Each structure stands twice: as C-alpha cells, then as structure tokens.
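Before I ask anything, let me first share the structure, which is written out below as structure tokens.
Chain letters run A, B, ... following the sequence lines, proteins first and then strands; every chain starts at 1. Being a predicted model, the structure only gives us computed values, none of them experimental.
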Amino acid sequence: MAEQQEPAGSLKDIIAHAKEYGFVFPSSEIYDGLQAVYDYGQYGVELKNNLKSVWWKAMTMLHDNVVGIDASIFMHPLTWKASGHVDSFNDPMIDNKDSKKRYRADQLLEAKAEEYANNGHPERGETLLNRMGRLLDANDLEGVRELIISEGIVCPVSGTDNWTEVRQFNLMFSTQVGAVSDDASLIYLRPETAQGIFVNFLNVQKTGRMKVPFGIAQIGKAFRNEIVARQFTFRMREFEQMEMQFFCRPGTEMEWYDKWKETRMKFHQALGIPASKLRFKPHDKLAHYANAAVDIEFKFPFGFREMEGIHSRTDFDLKSHQELSKKKQQYFDNDLNEDGKPYGNYIPYVVETSVGADRLFLAVLCNAYTEETSEEGKTRTYLKLHPAVAPIKAAVLPLVKKDGLPEKAREIQNQLKYDFNVFYEERDSIGKRYTRQDLIGTPFCIAVDYQTLEDNTVTIRHRDSTEQERIAIADLKAKIGHAVSLERVFENL
RNA sequence: GCGAAAGUAGCUCAGCUGGUAGAGCGCGACCUUGCCAAGGUCGAGGUCGCGGGUUCGAACCCCGUCUUUCGCUCCA
C-alpha cells in the first residue's frame, strides 16, 4: 500500500481540497453528478472572478489599443460554417474491436491514399479521397466503413480489420431557437468566443474609432462536446475562455505574435507561477486557420498541459466571414507606407491569445497548494495564492470571545469591508481559525487582543511565514491595500 | 466507446469465510481556554449508489444499472 501512495499535491489531493473548502463542486452532485461539468463554490467563484478581473484589466487598462466586448453565446449558424467548425469538427470515428483503439475514419483513409501516392499511384489515392469525400458529404457512415474494409485497412496495433461501425462525433452542442419546434431553427452553442469578436470587428473599429493595430478582448462561456473529459476542470464541456484578437497589418503579424507570446508568459509569472512550471510548446501541426501557433503549458500534477494558446490566425476568419456574409470586412489604413502612399484597404491579420479561465484557475490552485512538514512532524496545508487573487483578503479574529474583543473586531471588520473581502470569526481557538484561513489562502489574519483595547494596534499574521507584526488599526487599509493591489501584479508585466 | 478500479456518516476510511454498521476528523450545545488544527461533557447524523436475484438472513455472493476515478482514441 505505502509504495502506491500518491505524492502530496497530487490531483486527487487538490480535487479533495477544492471540494472540501468550497472551491469546486461536481455539478448536480445530489443526482450523482454529471461528467465533465463542475460548479464553483463560494471561494472558487471569488478566485475565478479575481483571475478574470486581472486578465481583463491587464488587457484593457494596460493597453490603449485593446478594448473589450461581451458577445452572445448564440450566433447565426453561418458563423460556424465560416469558421470551419461545421465542416472540420464532425469527426467520423471508428474502433478496432481487437486492439480497442479508436481512430478517425477519415484519417485512416487519408493515410491509405498517401501510401498509394508514395508507391507511385497518386491517382489511386485521389480516387480514394474523392470517394471518401462523397460518402462523408452524404453522411453515409456505413459506406465509409465498407470503404475502409474494401481497401484492406487494418489496425496498426492489432493488425486486424475487425472494425466497429463508424460513428459521428459532433464537437458542437446544438439546440433550437424558436419556441415552436416546427419553425425552430438549429443553432449551436458557441465552441469558441473568438467568432463573436470577428463578427463585431467593424462595429468596434468604427464606433471606437480604432486604428489598426488594435485588439478586442472578451471573456465568456464556450461549449465543446469533448470525446472524453478528464482531469478535473482541465477538460470541461462547458468552460470559460479569455480571448483577445489582435488585428494588425498583413506582414506584421509575426512581430505581434512574438510580442504577445512574451506578454502572456509574463502574465502567468506575475500571478506567482514560477518559470520552471511554465513552457512554450510550439504546434507541429497547425490548425486550418493558423500560420503559427504556440501553447503556454503549465506543469499540472498530470504533466505539462496547455493552459493558453497563442495563434497567428492570418486573415482566415475575417475573409471567410466576408465571403459568407457578403459584407466587406476591410479596413482602410491611412498610414503611409515606404513609398509615401496610404496602405489602403485590406483585411487585417489576426493574432489571438486564448486562455482557459478554468485552466488558469486550476493551474493557480495547483501551484498554490502547499503541504509543509515542520520539524515536529506536523503538516501544514495552505494555499499560497497571490494576495491579489485570494478569495478572502483578511480575516478579523478576536483572540477570545469575551471582554469586548468581539465588538472591537467587528469595528475593524466594518472599516475594511468596503475595500476588501474580509471574514470575521470568533469561534474556536485562534490557532484553528488561522489554519482555516490558511486552507483557503487568506493572506492576512488580524488578531484583536487585550492590547488592542489599550492602544488601537492589532497583530497581522502573514499566511506564508506565519509571522506576526503589530501595527496600528489606522494603517491596516494601506497595508492590505498595497499587498493585494493589481499594481503589484502589473509591475511585473 | 473500450479496459481497469471504486461507490458505507459532511470528510477520510474500517467492516474477516454472509448473522441486519463502526472509528477518526468534522458538525451542534455547554464548560474550560491569552496566539498557530487545545481539553472535557453531551448530542445530531447512514434504508451501506440504485434495481433485481440467491439465502432463514446480504454492506458482503450473483446479475443488471447509474455515477465517479484512472488509462486509451480526439481536441480549435
């Protein structure tokens, strides 16, 4: 048993901690839960809101040329035709019954076609791809299966052609708009927030008198039918994205791509994530719209995984919307080029930064989760959260529940509550109360003792060091305010 | 979807080869308590995931089912 024990700070510990202390609950738990959906609890929502707020302000307040919007989750169905989601994300899947491996049926056939081409029969490969294309367009999944079998395609692992039927995995959720189902039209829940930005590109550009280069930021929910959803809140069917699309002059996109790469990496470090737990991971295989793409990965307990993606999306999206909507998506650039003439009309290129709010939350939580064992062998668990994102900024604790200390503590709470999320507690021993605050990552505990009644000073205890210092009540607001300020975070950007 | 494991108190878990449920922590009340999960007394809380079956008797055995976790396949 002992050698099987998970190390401290494993995902299991973090999931248990998140649930136990009100950060993340499984969705619909009283009905035995719903896979890959989670709810944020009373402290989780504070932490998540703080993270979103830091991101939003880092984007909009620190950059003159970035503004925000809040687009709807419902969008015109053609949006997803334009973005490529309708065509590219209906994957036909097939399983091999012997090896239990799953493949994309189209990829198996494409591999076969490539094999023909490599063996000097490119025309046979072409024919195969055309047949596959017709079958997929007709949604003839049984035909696709027959094609795989007639081509003699076998599983590379088992070497057999003992295939299951081909099944369609639609990664977008759909629903109907319109109360009467007969008239209702099919509509999708957006699989990414980006398209809400693209379709508003000209609205924002014109009404905000924005000049390229400029960016539009947005935070919002998105929905994907993941084939499997695992690793806690890392893969969720309903999740929240924080995206910024930066519109720039064609040919300058790589400069901006590099700049945003660095800016975004610094952001995560400014939140207290050490550089050793972060890395860039360039994509070897680019998506249909990108000419460069890199992930910022965080070292989760289950390994380095994507937290944020930075993509150079070219003019793919705007061009595609222009084609389908028949509305020009051009920008007239008055700036003068090397020849002294205006750059004129063009469809801007786009650099996207897209971070999962839930993934950032999980990364920050994993990074903050700390177990320390003292010399006496006692284990102390606490969340080493950056004070700016901690759910509770300070707890006000009377040393004992008598002799006027609670009343004095309430006074202090009332002085602070308009500026900070403060917590008051008078039950149990002071040590127990300190510990409870450590477990939710409260950076400061203010203890009201008998000396407070004499000279209006309190002790303020620091979460990470557990050290205390005595300061005047009048200085609390400034002291805490400085520690939790965004300015301290942004200084590092 | 496949494979494996699991589901018993709020949490973590025990419960032997079947004899109708337990601990620690937590929670509530009271007493004690001057700084890092303090002590005492009392108390609340479970149709053992759900449905069948075998049996005199099922938390335990069998079948089904649901949910969760881990691995694999996909991932903008």
Side-chain angles (χ1 to χ4, degrees), chain A residues 6 10-13 15-17 19-21 26-36 80 83-85 88-108 155 157 164-165 167 169-172 190-195 222 224-232 234-235 241 243 283 285-290 293 295 302 305-306 309 311 313 316-317 352 354 356 374 376 378-382 397-403 405 427-439 445 447-451 458-459 461-463 465-468 470:
Chain A
E6 309 241 7
S10 71
L11 187 62
K12 220 175 153 187
D13 293 335
I15 293 170
H17 191 93
K19 187 181 166 204
E20 177 95 28
Y21 298 103
S27 164
S28 317
E29 199 185 6
I30 62 168
Y31 294 107
D32 289 325
L34 184 64
Q35 200 187 27
W80 308 113
S83 69
H85 285 83
S88 311
F89 298 103
N90 287 306
D91 296 332
M93 310 294 290
I94 191 166
D95 293 357
N96 184 274
K97 289 178 185 168
D98 298 317
S99 65
K100 310 293 184 198
K101 294 286 174 192
R102 171 171 297 167
Y103 302 90
R104 271 177 53 181
D106 54 334
Q107 287 179 350
L108 287 176
C155 169
V157 176
T164 63
E165 62 199 280
R167 278 161 302 191
F169 283 76
N170 191 341
L171 274 74
M172 285 197 288
R190 65 182 176 198
E192 64 174 17
T193 53
Q195 299 306 325
R224 289 180 199 169
N225 227 337
E226 303 276 3
I227 293 172
V228 288
R230 290 288 157 82
Q231 273 127 8
F232 196 39
F234 185 79
R235 286 168 203 271
Q241 290 186 309
E243 291 200 319
H283 286 205
K285 217 175 80 183
L286 293 174
H288 58 276
Y289 52 72
D295 289 340
F302 41 87
R305 292 294 144 80
E306 176 188 1
H311 297 220
R313 290 182 80 129
F316 174 88
D317 298 277
E352 165 188 276
S354 172
S374 66
E376 307 94 71
K378 274 189 176 173
T379 304
R380 187 169 87 97
T381 304
Y382 63 105
L397 314 170
L399 187 58
V400 291
K401 194 170 62 177
K402 59 180 182 183
D403 302 332
L405 296 186
R427 59 185 310 132
D428 294 320
S429 73
I430 189 94
K432 212 174 228 180
R433 284 177 276 162
Y434 285 151
T435 301
R436 279 203 279 261
Q437 295 305 312
D438 286 343
L439 289 165
C445 286
V448 174
D449 57 19
Y450 287 97
Q451 192 182 329
V458 290
T459 63
R461 169 191 178 269
H462 298 263
R463 176 195 63 204
S465 63
T466 75
E467 276 165 12
Q468 287 172 270
R470 184 161 282 275

How is A:Leu397 classified with respect to the nucleic acid when contacts are heavy atoms under 4.0 Å: base, sugar-phosphate, or nothing? nothing
Separation of the P atoms in B:C11 and B:G52, to the nearest angstrom: 26 Å
Would you please name every residue forming a side-chain contact (heavy atoms from CB on, under 4.5 Å) with A:Leu108, sequence neighbours left out? A:Ile94, A:Tyr103, A:Ile148, A:Ile153, A:Trp163
With a 4.0 Å cut-off, would you call A:Glu192 and A:Arg313 a salt bridge? yes
Taking Watson-Crick and G-U wobble contacts under 3.5 angstrom, with | marking pairs to another strand and [ ] crossing pairs, the secondary structure of RNA chain B is written (((((((..((((.....[..)))).(((((.......))))).....(((((..]....))))))))))))....
Rounding to an integer number of Å, can you tell me how far A:Met172 CE sits from B:C74 C1'? 16 Å
Is there side-chain contact between A:Thr466 and A:Tyr434, with heavy atoms separated by less than 4.5 Å? no
Quote, to the nearest angstrom, the C1' distance that separates B:A5 from B:C42. 41 Å
Pairwise side-chain contact, A:Arg436 with A:Arg433, heavy-atom cut-off 4.5 Å (strictly under): yes
Measure the distance from CZ on A:Arg235 to P on B:C74 and round it to the nearest whole Å. 11 Å
What is the separation between atom CD1 on A:Ile15 and atom P on B:C11, rounded to the nearest whole Å? 15 Å
Would you measure the distance from the P atom in B:C61 across to the matching atom in B:G15 and give it in whole Å? 13 Å
Using the C1' atom in both, what is the distance from B:G24 to B:G45, to the nearest Å? 16 Å
May I have the distance from A:Asp295 (atom CG) to B:A76 (atom C1'), rounded to whole angstrom? 10 Å
In this structure, how many angstroms lie between the P atom of B:C75 and the CD atom of A:Glu306, rounded? 12 Å
To the nearest Å, how far apart are A:Phe316 CZ and B:A76 C1'? 11 Å
Using the salt bridge (Lys or Arg N to Asp or Glu O under 4.0 Å) criterion, which residues pair with A:Asp438? Sequence neighbours excluded. A:Arg380, A:Arg461
Less than 4.5 Å apart, any side-chain heavy atom of A:Thr435 and any of A:Tyr382? no
Only counting residues at least two apart or in another chain, list the ones meeting side-chain contact (heavy atoms from CB on, under 4.5 Å) with A:Ile15. A:Leu11, A:Phe232
For B:U8 and B:C48, measure between their C1' atoms and round to the nearest Å. 4 Å
Looking only at atom P, what distance separates B:U33 and B:G22, rounded to whole Å? 36 Å
Between A:Leu439 and A:Phe302, whichever has its closest RNA chain B nucleotide further toward 5' is A:Leu439
Have a look at A:Pro26 and say if it touches a base, only the backbone sugar-phosphate, or nothing, with a 4.0 Å heavy-atom cut-off. nothing
Could you work out the separation of B:G43 and B:A23 based on their P atoms and round it to a whole Å? 13 Å
Expressed in angstrom and rounded to an integer, what is the separation of A:Lys12 atom NZ from B:A5 atom P? 15 Å
Between P of B:U69 and CZ of A:Phe234, the distance in whole Å: 15 Å
Can you give me the closest heavy-atom contact between A:Ser354 and A:Glu243, atom names plus distance? OG-OE2, 3.0 Å
Where protein sits on nucleotides 27-36 of chain B, one letter per nucleotide: B base, S sugar-phosphate only, - none, heavy atoms under 4.0 Å: SSS----BBB
Supply the atom-to-atom distance A:Asp449 CG to A:Ile430 CD1, rounded to the nearest 0.5 angstrom. 9.0 Å
For A:Asp295, salt bridge (Lys or Arg N to Asp or Glu O under 4.0 Å) partners two or more places apart: none
Per the atom types in the model, does the base of B:A76 pair as donor or acceptor with the side chain of A:His85 at under 3.5 Å? yes
Roughly how many Å apart are B:C70 and B:U12, using the P atom of each and rounding to a whole number? 15 Å
